Amino acid sequence: MRAVDLIQKKRDGGELSREEIAYLIQGYSKGEIPDYQISAWAMAVYFQGMNARETGDLTLEMAMSGDQVDLSPIAGIKVDKHSTGGVGDKTTVVLAPLVASAGVPVAKMSGRGLGHTGGTLDKLESISGFSVEMDRERFFTQVGEIGAAVIGQSGNITPADKKLYALRDVTATVESIPLIASSVMSKKIAAGADAIVLDVKTGSGAFMKTLDDSIALAQAMVDIGTHLGRNTVAVISDMDQPLGYGIGNALEIKEGIETLKGHGPKDLEEVCLILGSQMLVLGGKAKDEAEARSILKTHIEDGSALAKFKQIVLAQGGDVTQVESPDTLPSARTFIEVKAATSGYVESIQAEQIGIAAMLLGAGRETKESVIDLAVGIQLSKKVGDAVAAGETLAVLHVNDAGVNKVQEAEAKVLEAYLISAEPVPPQPLVFALVTKDGVTRY
């Protein structure tokens with residue numbers, strides 16, 4: 001078997017066998033197949049695609065390239081949730097305790113963010129003392145005892161995917177649905193979940209900008225999960241504006257806490273209820289979405305979801321008093337109001353521009369070496385559909401040490417992100433579709 005023959009086969013639209021995919025990925029992982037040949041293969045995949053079986057085999061091969069977590073010592077059906085990312089997306093902060101409070105164990109391995117704001121781990125580290133590092137035995141014990149833990153990924157989870165992604169990033173082959181889907185799902189498979197709920201974002205602040213592309217990606221990932229024996233569903237949710245009002249690590253933790261209390265932004269609460277309902281159904285704790293939703297709302301209203309979050313924080317070394325008094329979380333020194341130039345109604349908010357503005361203030365990483373300021377970010381005052389008068393505040397910048405030029409640039413980006421219309425704007429949907437192994441249901 002030779003790499004050049006497999007490159008040619010895929011270039012010409014052929015279907016690679018399981019053995020051929022294994023040969024490529026194992027050879028690349030071991031350094032036996034050079035970067036230039038895998039680059040050529042990735043470009044062939046970019047243009048010719050892969051079928052569901054090929055994509056599933058690629059996923060499994062990457063999952064098997066490093067450590068695989070066996071969650072079987074933890075009782076119950078372990079359900080993982082993955083978001084394709086967005087601006088203000090703090091759903092894991094809400095969902096881990098909420099779903100665990102309903103009896104579905106959440107053994108969550110998360111990553112750090114590179115881009116708009118920090119990842120889930122960065123957000124949680126806004127809580128003083130919160131540790132995202134623990135060995136596997138303690139991880140299992142915590143999930144077994146209190147139902148949830150959120151930790152950093154092992155350094156040796158899917159090394160083949162890490163190597164391949166770095167190559168795709170510099171060879172213009174990132175935007176390939178089979179390669180994106182296998183990258184995401186290889187980490188989920190290696191992490192050992194029994195079932196997977198995917199939150200696939202669509203819109204200006206998402207990786208996939210169009211609904212059709214988002215559904216195609218969701219279908220590819222659901223097909224992979226099904227092929228590999230994991231019950232998988234995907235929710236297509238809106239990212240044409242930020243989720244909630246807070247963008248930035250401590251700001252998002254505050255908003256997550258308010259949501260667990262039942263006082264959070266309605267869009268954030270609704271998306272969490274939709275995703276959480278799917279997790280409860282897959283976890284065998286509810287017969288359908290309606291029953292699951294009722295269970296989740298009860299756990300918010302009776303305080304058990306917030307209590308579960310406190311348990312997680314305490315178990316991972318965090319300061320629980322900051323959960324009880326969120327105003328004691330890291331806070332910026334300076335607040336700059338961005339004001340509307342005209343009156344009307346907010347027609348749209350370019351989520352990606354808001355995210356870039358937050359990164360300029362220090363809420364996210366421009367490079368892997370960047371140091372995040374957990375206190376800074378942006379607090380929106382107006383969302384799509386809201387009326388606004390000229391001179392009224394659209395958003396507030398939370399600023400520490402970004403520097404005058406970056407602050408001015410961030411302010412300009414926020415102002416540009418808001419499109420004001422003279423006419424009232426109808427509310428936009430939060431969720432567009434549900435994708436399961438049985439097909440696509442559009443809402």
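What's counted below: heavy atoms across the whole structure, side chains too, no hydrogens, waters or symmetry copies. Predicted model, so just to flag it, every value in this text is computed and none were measured.
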_Side chains of Q379 and L251 in contact at under 4.5 Å (non-hydrogen atoms)_ = yes
_From CG (L273) to CZ (R293), nearest 0.5 Å_ = 5.0 Å
_Donor-acceptor check, side chain of K188 to backbone of I196, threshold 3.5 angstrom: yes or no?_
no
*asked:* What I want to check is whether the side chains of D70 and S72 have a donor and an acceptor closer together than 3.5 Å.
replied: yes
*Check the pair V200, V235 against side chain to side chain contact (heavy atoms under 4.5 Å, CB included), reporting the backbone distance first and the verdict last.*
CA-CA 6 Å; V200 180; V235 172; over 6 Å; no
*Please test K201 against S83 for side chain to side chain donor-acceptor pair (under 3.5 Å), starting from the C-alpha separation and ending with a verdict.*
CA-CA 7 Å; K201 302 294 188 186; S83 170; 4.8 Å; no
*How about K10 and Q48: does a side-chain donor come under 3.5 Å of a side-chain acceptor?*
no
_Q428 and D240 side chains, donor-acceptor separation under 3.5 Å_ = no
*Okay, side chain of Q322, backbone of T328: is any donor-acceptor separation there less than 3.5 Å?*
yes
_Exam field: side chain D238 to backbone V431, donor-acceptor pair closer than 3.5 Å_ = no
*Heavy-atom distance under 4.5 Å between the side chains of I257 and L306, does that happen here?*
yes
*Pick out which of I77, V79, V104 makes a side-chain contact (heavy atoms from CB on, under 4.5 Å) with K285.*
V104
*Check for a donor-acceptor pair, side chain of K383 on one end and backbone N or O of G244 on the other, with a separation under 3.5 Å.*
yes
*Does any non-hydrogen side-chain atom of F139 lie less than 4.5 Å from one of M109?*
yes
_How close do S304 and H299 get, counting heavy atoms only, and between which atoms?_
OG-ND1, 2.7 Å
_So that I can tick it off, tell me whether R53 and E15 are bridged by a salt bridge, with the cut-off set at under 4.0 angstrom between side-chain N and carboxylate O._
yes
*Would you check if the side chain of E255 reaches a backbone N or O of G264 as a donor-acceptor pair within less than 3.5 Å?*
no
_Within the supplied structure, the quantity of interest is the number of heavy atoms (other residues, nucleotides, ligands) at a distance under 6.0 Å from E137 CD; does it exceed 12?_
no
*asked:* Is there a side chain to side chain contact (heavy atoms under 4.5 Å, CB included) between L275 and L95? Walk through the geometry before answering.
replied: CA-CA 8 Å; L275 294 170; L95 282 170; 3.8 Å; yes
*Can E416 and Q350 be counted as having a side-chain donor-acceptor contact under 3.5 angstrom?*
no
*Walk me through it: do F309 and V320 pass the test side chain to side chain contact (heavy atoms under 4.5 Å, CB included)?*
CA-CA 9 Å; F309 185 57; V320 177; over 6 Å; no
_Side-chain heavy atoms of V396 within contact of I378, under 4.5 Å_ = no
_Could you tell me if the side chain of M1 sits less than 4.5 Å from the side chain of D5, heavy atoms only?_
no
*asked:* Can you see whether S348 engages Q241 through a side-chain donor-acceptor pair at a distance of less than 3.5 angstrom?
replied: no
*Taking all non-hydrogen atoms of both residues into account, name the closest pair between L361 and V399 and its distance.*
CD2-CG2, 4.0 Å
*Working for salt bridge (Lys or Arg N to Asp or Glu O under 4.0 Å), residues R138 and D135*: CA-CA 6 Å; R138 186 179 151 211; D135 61 36; over 6 Å; no
*Determine, stepwise, if the pair D199 / K81 fulfils salt bridge (Lys or Arg N to Asp or Glu O under 4.0 Å).*
CA-CA 7 Å; D199 180 14; K81 187 277 303 183; 5.4 Å; no
*Donor-acceptor contact below 3.5 Å, side chain T59 vs main chain S186*: no
*Do K162 side-chain atoms and I157 backbone N/O form a donor-acceptor pair below 3.5 Å?*
yes
_Heavy-atom side-chain contact between I180 and F207 under 4.5 Å_ = yes
*Using a strict cut-off of less than 4.0 Å between a Lys/Arg side-chain nitrogen and an Asp/Glu carboxylate oxygen, indicate whether E54 and R18 qualify as a salt bridge.*
no
*Gap between atom CD of E125 and atom CD1 of I253 - 0.5 Å precision*: 10.5 Å
*In Å and rounded to the nearest 0.5 Å, what is the OG to NZ distance from S29 to K163?*
6.5 Å
_Pairing of D213 and K209 as salt bridge, 4.0 angstrom limit_ = no
*Go through the steps to decide whether M64 and L60 satisfy the test side chain to side chain contact (heavy atoms under 4.5 Å, CB included), and finish with yes or no.*
CA-CA 6 Å; M64 291 169 60; L60 187 57; 3.7 Å; yes
*Which heavy atom of A96 sits nearest a heavy atom of V106, and at what distance?*
O-CG2, 3.9 Å
*How many angstroms lie between CD in E252 and OG in S126, if you round to the nearest 0.5 Å?*
8.5 Å
*With a 3.5 Å cut-off and no angle check, do the side chains of K437 and T232 form a donor-acceptor pair?*
no
*asked:* Is the shortest side-chain heavy-atom distance between P34 and I38 below 4.5 Å?
replied: no
*Over all heavy atoms of both residues, which pair between E289 and V281 is shortest? Give the atoms and the distance, please.*
N-CG2, 3.9 Å
*Check step by step if salt bridge (Lys or Arg N to Asp or Glu O under 4.0 Å) holds for E411 and K406.*
CA-CA 8 Å; E411 189 172 359; K406 285 193 173 182; over 6 Å; no
_Could you check whether T158 and K187, counting side-chain N and O atoms only, form a donor-acceptor pair closer than 3.5 Å?_
no
*Measuring from L430:CG to E270:CD, what's the distance to the nearest 0.5 Å?*
6.5 Å
*Is it true that a side-chain atom of R230 and a backbone atom of L228 form a donor plus acceptor pair closer than 3.5 Å?*
yes
*From CD1 (I151) to CZ (R136), nearest 0.5 Å*: 8.0 Å
*With distance as the sole criterion, is a donor-acceptor pair present between the side chains of Q316 and Q142 under 3.5 Å?*
yes
*Output yes when a side-chain donor or acceptor of N400 lies under 3.5 Å from a complementary backbone atom of R333, and no otherwise.*
yes
_Modelled atom types, side-chain donor and acceptor of D161 and S183, under 3.5 Å_ = yes
*Using a distance-only test with no angle check, is there a side-chain donor-acceptor pair under 3.5 angstrom linking N249 and D122?*
no
_With a 4.5 Å cut-off on side-chain heavy atoms, are L380 and I247 touching?_
yes
*Where Y23 and L6 come nearest, the two heavy atoms and their spacing*: CD2-CD1, 3.7 Å
*So, T202 versus S214: side-chain donor-acceptor pair below 3.5 Å or not?*
yes
*Compare every heavy atom of L296 with every heavy atom of A102, then report the nearest pair and how far apart it is.*
CB-CD2, 4.4 Å
*Derivation of the salt bridge (Lys or Arg N to Asp or Glu O under 4.0 Å) call for D212 and R442*: CA-CA 11 Å; D212 286 347; R442 293 185 183 243; 3.6 Å; yes
